[in-house]
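Labels below follow one simple rule: chain letters A, B, ... track the order of the sequence lines, proteins then strands, and each chain is numbered from 1.
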2 protein chains.
Amino acid sequence: MLDAAVRVFSRRGFHAANMDEIAELSGVSKPMVYAYHGTKEELFLACLRRESERMMTGIIDAADGSLPPDEQLWRGLRSFFEFVGAHRDGWSVLYRQARSLEPFAGELAGMRRAIVQVIAHRLDVALQHEGRQVRAEDLTSMALSLVGASESLADWLASHPQEDPGRTATRLMNAVWLGAARLLEGETWRPAS
Amino acid sequence: MLDAAVRVFSRRGFHAANMDEIAELSGVSKPMVYAYHGTKEELFLACLRRESERMMTGIIDAADGSLPPDEQLWRGLRSFFEFVGAHRDGWSVLYRQARSLEPFAGELAGMRRAIVQVIAHRLDVALQHEGRQVRAEDLTSMALSLVGASESLADWLASHPQEDPGRTATRLMNAVWLGAARLLEGETWRPAS
DNA sequence: GCGTAAGGTTACGCGTGAGTAAGTTTCGAA
DNA sequence: TTCGAAACTTACTCACGCGTAACCTTACGC
């Protein structure tokens, strides 16, 4: 029943989705949907919570803290892309719908900030381990870039069903990790003008 | 009048925005809005077109093709972040609202694909100039990552008014360009497992 | 067999907001 | 001074879709 809701919300968007369609796709009548999940907002929130928990637990379990930093990062990314590949509709609800709808945007934004902070912290640990100190704001912007790049590739992956999530994760590692490694060596790029 | 519409759309979202509020903020009555811009969808589209054109012309003008690749990239990025800094509401409409609304998503997605292809092509030129051949799909994923990272930082910038757009652009260059440089030297990251 | 409660459905009330018809003011030309 | 059209407003219609009241039906204890 939540599956039906997630599908309709992802295809139509929160507002354009109507409860009758969700009910029909669930194979029950509308008052049943209300009986089980309350109002439309509550139903949407239930979808949101389920999908975000599925995603987060996968990532957290994958990125075991005892592994080396690059391995941690890679496993986290792979888990993320696997979630997107397996739950395209869920991803669409989390990323496209919830982020722009006022009652829900805050919750999602908070979750995203938490992820960014976790990644920034891991980067910090990795860099300190190599004896380098990096400003907090630079760490944050690196983490933000990484998350944004992941989201972008995730969206691409969601519309390319034949693609392998692991391959996508590897591509991103290549594009990002090596840049981080350079920074780690003290190299920086500066504008000429 | 479009300014008022952009503001309301960005704050409330397309559906929650109502024409009465837009009319009131414009300082005219509702039928006037309809007289000048047709239906709500047409009004939104007008906002979309204006904001996207502002953004695109800025970026295209900045990234003059005769400059060296890194300088081109940096100027394009700086122009993009300057747009976001100066037109937060416009950015919000383009990025948060339009992408998730069915009648408009296609147009925006097409524009974004075009940007990704342009960047991928520029990267290709830069790499070939250094004598390296890279698979088309790798170029695309690098460009997608770059665009996603830019969007992510743009969103962060939009909620940090005191921040300097140029600084944000420089940070992104540091995080991304150096990674590309490594790839350029033939180095790649591979999963251990 | 018969009351009753759990688990449904059908059919409606009602607010909201897009879009408009009809009326009003402003202002320039004759 | 009057006519008329352009520019604008007030006050409405009407569809849509959330949420619910009222009505069925199946199954189980007594």
Participant: Would you call D124(B) and M142(B) a side-chain contact if the rule is heavy atoms closer than 4.5 Å?
Facilitator: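 Side chain of D124(B) against side chain of M142(B), heavy atoms only: no contact under 4.5 Å found.
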Participant: CZ of R12(B) versus C1' of dT16(C): gap in Å, rounded?
Facilitator: 15 Å
Participant: Within the structure provided, determine whether E151(A) and E151(B) are in side-chain contact (heavy-atom separation under 4.5 Å).
Facilitator: no
Participant: Between N or O atoms, less than 3.5 Å apart, protein on one side and nucleotides 22-25 of chain C on the other: list the pairs.
Facilitator:
none

Participant: Applying the side chain to side chain donor-acceptor pair (under 3.5 Å) criterion to E21(A), which one of R12(A), R7(A), K30(A) satisfies it?
Facilitator: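 Filter result, single survivor: R12(A).
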Participant: Output the distance between atom OG (S150(A)) and atom CZ (F81(A)), rounded to the nearest 0.5 Å.
Facilitator: 5.0 Å
Participant: Short question: side chain of S26(A), backbone of I22(A) - any donor-acceptor pair under 3.5 Å?
Facilitator: yes
Participant: Across nucleotides 4-22 of chain D, 5' to 3', mark each nucleotide with B, S or - according to how protein heavy atoms within less than 4.0 Å reach it.
Facilitator: ----BBB------SBBBB-
Participant: Evaluate the ring planes of F9(B) and F44(B), with Trp represented by its six-membered ring, and classify them as parallel (under 30°), tilted (30 to 60°) or perpendicular (over 60°).
Facilitator: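 Ring orientation, 0 to 90° scale: perpendicular.
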Participant: Taking everything shown except E24(B) itself, do over 12 heavy atoms lie less than 6.0 Å from its CD?
Facilitator: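 No, because the 6.0 Å sphere around CD of E24(B) holds 12 heavy atoms or fewer from other groups.
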Participant: Tell me: NE2 of H37(B) to P of dA18(C), nearest whole Å?
Facilitator: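 Going from H37(B) (NE2) to dA18(C) (P), I get 16 Å.
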Participant: Parallel, tilted or perpendicular: which describes the rings of H15(A) and H15(B), with under 30° parallel and over 60° perpendicular?
Facilitator: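 Aromatic pair H15(A)/H15(B) classed parallel.
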